Amino acid sequence: PAPDLALRLETGLAGAFGFPIGVVLRSIATLRDMVASRPFGDLAETDALKLYVMLLGVPLDPPASIAGVPGSFDVPRIDATDIFLVGHRQPNGRFSEGMDGLEKLLPKGTLVTTRNWNTILRAIR
């Protein structure tokens, strides 16, 4: 992405909505590299599992240390700017319920957006 694209988007969003909204960007090339690196190995989504990625606004140094919660979610890989998660279907039907508090484990003020892996796969097509 252009160096000032995030700032331009944030400025436009703030102007439209009246409050600051942070933007996390990845280039298509970066997303393609992410997918090619197979962060979930051979794991695929099913009715019982959903795959997610937390995209961070800045690299973590050192990368975060986040452990999964058995039966709720797994953390197959953590990179400097991305955290890959596997959500297990809960009795209430939700997948991400156990992941709701993960952002609190990151340094205060870390800009984060979480996306379903299918969204990433669609973006690179």
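Predicted model only: the values in this text are computed from it and were never measured.
- Not less than 6.0 angstrom separates the ring centroid of Trp117 from the ring centroid of Tyr52.
- Proximity of a side-chain donor or acceptor of Ser72 to a complementary backbone N or O of Val69 within less than 3.5 Å is not detected.
- Taking the side chain as every heavy atom from C-beta outward, Thr119 and Leu121 never approach each other to under 4.5 Å.
- A salt bridge links Arg94 with Asp100: at least one charged nitrogen is closer than 4.0 Å to a carboxylate oxygen.
- Here the side chains of Thr46 and Arg89 are not in contact, with every heavy-atom distance at 4.5 Å or above.
- In the hydrophobic clustering of ILVMFWY residues, with side-chain heavy atoms under 4.5 Å counting as a link, Val24 and Leu7 come out apart.
- Between Phe95 and Asp47, the closest heavy-atom pair is CZ-O, 3.3 Å.
- Taking 4.0 Å as the cut-off between side-chain N and carboxylate O, Asp82 and Arg77 do not count as a salt-bridged pair.
- For the pair Leu49/Leu43, a side-chain contact is recorded, criterion being any heavy-atom separation below 4.5 Å from C-beta on.
- Within the model, atoms CG of Leu56 and CD of Glu103 stand 9.0 Å from one another, a figure rounded to the nearest 0.5 Å.
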Q) What do the steps show when you test Leu5 against Leu25 for side chain to side chain contact (heavy atoms under 4.5 Å, CB included), and what is the final call? A) CA-CA 9 Å; Leu5 181 57; Leu25 298 176; 3.9 Å; yes
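- For the pair Val58 and Leu111, the minimum side-chain heavy-atom distance is 4.5 Å or more.
- Note that OG1 of Thr11 and CD1 of Ile21 are 11.5 Å apart. Values are rounded to the nearest 0.5 Å.
- Between Glu45 atom CD and Lys50 atom NZ the span is 4.5 Å, to the nearest 0.5 Å.
- A side-chain N or O of Thr113 and one of Arg115 form a donor-acceptor pair less than 3.5 Å apart.
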